[in-house]
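Here is the structure we will look at.
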Amino acid sequence: MSTAFVLSGGANLGALQVGMLRALAERGIRPDALVATSAGALNAAYIADRGLTSEVVESLGEVWRSLSAWQLFRPGARQLLGAFTGRQSALFSSRGLRSLIETHLDFDRIEEAATPLTVVATDLLTGDQVDIDHGPAAEAVLASSAISGIFPAVAFNGRILVDGGVADNTPVSHAVESGSDIVYVLPCGYPCALVEPPTTVAGTILHTMSLLIQQRLVRDIREYTSSVDLRVVPPPCPLDVGPLDFSNADELIARGYDSACHFLDVDEGRRAAPADHIDFHVHATPGLRR
C-alpha cells in the first residue's frame with residue numbers, strides 16, 4: 001500500500017501543516033510520495049530528504065516561528081513604484097523567499113530527494129498545471145510559491161511559471177493519477193472568521209486567492225472521493241489570522257496539531273464524505289478565535 005501526502009498552499013497558514021505533520025509522524029504515518037503547492041511546497045521540500053520524524057517536524061516549526069512578513073514581503077520603493085507604473089509585474093522582489101528556500105533545502109535537484117517530490121506550478125501564458133519532479137529544486141519551489149502579482153514569475157524549462165494555486169492549490173488529482181492507494185490531504189484552510197477584509201493590496205490578493213482555493217478544494221475532494229482512500233485532515237476552525245500575519249506561527253502549529261490528532265484518532269482519518277468537514281463557510285460573529 002502506497003501513501004501520498006498532498007500539501008496545499010496557504011501563505012502564513014502553512015504553519016498549520018507543521019502541526020498536522022507532527023500528528024502524522026507520531027502515529028507512524030509516513031509518505032511514499034509528496035505532492036505540494038506554494039507554502040505546502042516549502043514544507044514538503046523540507047521533509048522530502050530529511051524524512052518525517054518528530055525531530056524534523058520540530059525543526060521545521062522553528063523555521064516558521066522565525067518568519068515575518070517583512071522578511072518575505074519586504075517593500076522596496078523602486079519595486080513598488082515599478083509595479084504601479086507598469087514597469088514591474090509584481091509588488092515585491094522574491095529575494096527574501098529565494099533566500100528562505102535556499103537556506104533550508106538540503107538537495108540540489110528535485111529528483112534527488114529521498115521521498116519522491118512533485119511541486120505544482122502554473123504556466124502563466126496557458127494556465128496549465130505544471131507538475132515538476134525533475135530539475136533545480138530551489139527554482140521549482142520558488143516557481144510553485146511565486147504568488148501572481150505578489151512575486152515575479154519564474155522562468156523554468158522554457159516556461160514562465162507562477163504559484164501552483166492558480167491551477168490547483170491542492171493537487172489531489174496528481175496523487176490519485178500516480179496510483180497512490182491512500183492520500184492524506186493537508187489543507188491550510190482560509191480565514192473563515194475575519195471580522196473585516198484585508199486593507200492592503202497584498203493582503204487582498206492573498207485573501208481572495210484563499211477563498212477561490214477553498215472552493216476548488218472542496219469540489220476536487222468530492223470528485224475523487226470514490227477513486228482513492230482519501231483522508232482530508234481538517235484545519236482548525238474558526239480562523240481569523242490575516243494573510244500577512246506571521247506572528248501566530250506557534251499558535252497555528254499547536255492548533256493544527258490538536259485538530260489533526262482529534263481527526264486521526266477516529267479510524268485513522270477515514271471518512272465517508274471527507275469534503276463535508278471542510279466545506280466552505282464563514283462565521284458571522286466576531287471574536288470566535290479559540
Is there a side-chain contact between [X] and [Y] in this structure, where contact means two heavy atoms from C-beta onward sitting under 4.5 Å apart?
{"X": "L217", "Y": "S8", "value": "no"}
{"X": "I253", "Y": "R65", "value": "yes"}
{"X": "D220", "Y": "S173", "value": "no"}
{"X": "D163", "Y": "T37", "value": "yes"}
{"X": "L42", "Y": "V63", "value": "no"}
{"X": "P274", "Y": "T225", "value": "yes"}
{"X": "V130", "Y": "N157", "value": "no"}
{"X": "R98", "Y": "E139", "value": "yes"}

Distance-only, no hydrogens or angles: does the [X] side chain make a donor-acceptor pair with backbone N or O of [Y] under 3.5 Å?
{"X": "D49", "Y": "A113", "answer": "no"}
{"X": "S59", "Y": "V56", "answer": "yes"}
{"X": "T200", "Y": "G203", "answer": "yes"}
{"X": "S99", "Y": "R95", "answer": "no"}
{"X": "E251", "Y": "N248", "answer": "no"}
{"X": "S144", "Y": "S38", "answer": "yes"}
{"X": "S259", "Y": "R255", "answer": "no"}

I need the minimum non-hydrogen distance between [X] and [Y], along with the two atoms involved.
{"X": "A260", "Y": "V233", "answer": "CB-CG1, 3.7 Å"}
{"X": "G189", "Y": "P235", "answer": "CA-CG, 3.7 Å"}
{"X": "F92", "Y": "A202", "answer": "CE1-CB, 3.8 Å"}
{"X": "L34", "Y": "A44", "answer": "CD1-O, 3.6 Å"}
{"X": "V154", "Y": "A146", "answer": "CG2-CB, 4.2 Å"}
{"X": "Q17", "Y": "G40", "answer": "OE1-CA, 3.4 Å"}

*Decide yes or no on side chain to side chain contact (heavy atoms under 4.5 Å, CB included) for D181 and D229, but give the supporting numbers first.*
CA-CA 6 Å; D181 300 296; D229 184 351; over 6 Å; no
_Ring geometry between F151 and F73 (parallel below 30°, tilted from 30 to 60°, perpendicular above 60°)_ = parallel
*Strictly by modelled atom types, are D131 and T118 linked by a side-chain donor-acceptor pair under 3.5 Å?*
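No, no side-chain donor-acceptor contact under 3.5 Å.
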*Does one hydrophobic cluster hold both M1 and L264, with members joined at side-chain heavy-atom distances below 4.5 Å?*
yes
_In this structure, would L52 and Y257 fall into the same cluster of hydrophobic residues linked by side-chain contacts under 4.5 Å?_
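Each belongs to a different hydrophobic cluster.
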Rounded to the nearest 0.5 Å, how far does [atom2] of [Y] lie from [atom1] of [X]?
{"X": "I101", "Y": "L142", "atom1": "CD1", "atom2": "CG", "answer": "4.5 Å"}
{"X": "L117", "Y": "Y46", "atom1": "CG", "atom2": "OH", "answer": "15.0 Å"}
{"X": "I29", "Y": "L21", "atom1": "CD1", "atom2": "CG", "answer": "11.0 Å"}
{"X": "S145", "Y": "I147", "atom1": "OG", "atom2": "CD1", "answer": "7.5 Å"}
{"X": "L100", "Y": "L105", "atom1": "CG", "atom2": "CG", "answer": "9.0 Å"}
{"X": "D106", "Y": "E112", "atom1": "CG", "atom2": "CD", "answer": "10.5 Å"}

_Could you walk me through whether D265 and R27 satisfy the side chain to side chain contact (heavy atoms under 4.5 Å, CB included) test, starting with their C-alpha distance in whole Å, then the side-chain angles of each, then the deciding distance to 0.1 Å, before giving a yes or no?_
CA-CA 9 Å; D265 285 345; R27 287 157 179 77; 2.8 Å; yes
*Does the pair F246 and L72 meet the rule for a side chain to side chain contact (heavy atoms under 4.5 Å, CB included), with working shown?*
CA-CA 10 Å; F246 284 81; L72 298 178; 3.9 Å; yes
*E26/R22 salt bridge by N-O under 4.0 Å criterion*: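 Result for this pair is yes, salt bridge flagged.
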*Evaluate salt bridge (charged side-chain N to carboxylate O under 4.0 Å, His left out) for E268 paired with R231, printing each intermediate quantity in order.*
CA-CA 8 Å; E268 292 186 339; R231 307 180 188 185; 3.7 Å; yes
*Just one of D276, V266, L230 clears the side-chain contact (heavy atoms from CB on, under 4.5 Å) bar with R271, so which one?*
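Single pass found, and it is V266.
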*Would you sort out whether I132 and L161 count as a side chain to side chain contact (heavy atoms under 4.5 Å, CB included), showing the intermediate values?*
CA-CA 11 Å; I132 307 173; L161 304 182; 3.9 Å; yes
